[in-house]
K.L.:
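What follows is a single structure, and I will ask about it in a moment.
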Amino acid sequence: MGRSSKDKRDAYYRMAKEQGWRARSAFKLLQLNEQFDLFKGVRRVVDLCAAPGSWSQVLSRELVQNVPASERPTIVSVDLQPMAPLEGVCTLQLDITHPDTLPIILSHFGDEPADLVVSDGAPDVTGLHDLDEYIQAQILLAAMNLAACVLRPGGTFVAKIFRGRDVSLLYSQLRLLFKHVTCAKPRSSRASSLEAFVVCQDFCPPEGFKPNLKKPMCITDYECIGDIAPFLACGDLNSPDADATYPYAVSKNSKPLDAVQPPTAPPYKKAIEMKRSAQL
Ligand code: SAM
């Protein structure tokens, strides 16, 4: 598939390049923020699974740019992959499932708790459905446990989920930790995909709960509060439909646009090198 054909098929892909976002996912966070006002009063924020960095770009544009240095919040972004730098964002190349990652994040906040944790984590898809689903669930659990360790009471956690078989167990776990849990579907997320985002507001863990990355929360230790979450579609109805094809997005004369920030160290680069040197 050529670049221009993807531009036609996916209005958000084209718009991301036109507006300078590193990935089309930027629109998901922007639309979630329109609905939930996520950034209000935020002083410390963690972006988990952040590469190539379009969510961090949104955070930087909304919270850092045009803000006097003394009033700028601290933004820490974490990913397994290296990330090109962004204004006002501290980027860390770390694994969110590793217990050592937590103290490193906290050290950037002077050991103060965060107001907001966002996570758009997803594994490299293998095509083996059960394995992919399992790894996705592990990333989400790691993000949730990290959030429980870094958030202040009343803080907010936003994470990508796939509304698969076991989603109600996840809602139960989140409802133990947060007063309000909503399953939100931004317009830029394809309706045909199981992807959605849990927006968890008002962090309020049960009494006696001590977050521990080495012994993550077990819901059977607590009385279950509820295993469903209200569903909310968000994003302006006038914004493009992520499943539609927009032939007008690329006119005969318009050229395909280059990616805003190509990956700094993509795994396929190594694969190409190995293939060239007959190691594959
Ligand atoms: N939100 C990003 C953006 O707007 O540019 C896109 C995130 S991308 C969909 C998913 C990311 O999750 C990948 O960059 C991947 O490296 C990262 N990831 C997966 N497992 C991880 C882990 N254990 N620790 C840190 N990052 C991880």
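Read the numbers this way: they start at 1 and go in the same order the structure lists the ligands and their atoms. Remember, predicted model here, so these are calculated numbers, not experimental data.
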K.L.:
Could you name the protein residues that come within less than 4.0 Å of ligand 1, counting only heavy atoms, and order them by chain and residue number?
P.N.:
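Around ligand 1, where the cutoff is 4.0 Å for heavy atoms, the contacting residues are S25, C49, A50, A51, P52, G53, S54, W55, D79, L80, Q81, L94, D95, I96, T97, D120, G121, A122, I139.
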K.L.:
Applying salt bridge (charged side-chain N to carboxylate O under 4.0 Å, His left out) as the test, list every pair that has at least one member in residues 94-118; sequence neighbours left out.
P.N.:
D115-R152
K.L.:
Applying side-chain contact (heavy atoms from CB on, under 4.5 Å), can you list everything that pairs with R276, at least two apart in sequence or on another chain?
P.N.:
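Scan of R276 (side-chain contact (heavy atoms from CB on, under 4.5 Å), adjacent residues dropped) gives I272.
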K.L.:
For residues 21-35, which residue pairs qualify under salt bridge (charged side-chain N to carboxylate O under 4.0 Å, His left out), counting only residues two or more places apart or in two chains?
P.N.:
D10-R24, K28-E195
K.L.:
On a heavy-atom basis, which atom in V42 and which in P73 lie closest, and how many Å separate them?
P.N.:
O-CB, 3.5 Å
K.L.:
Are Y12 and S239 close enough that some pair of their side-chain heavy atoms sits under 4.5 Å apart?
P.N.:
yes
K.L.:
Is there a donor-acceptor pair closer than 3.5 Å between any side-chain N or O of W55 and the backbone N or O of D47?
P.N.:
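Judged by distance alone, no pair lies under 3.5 Å.
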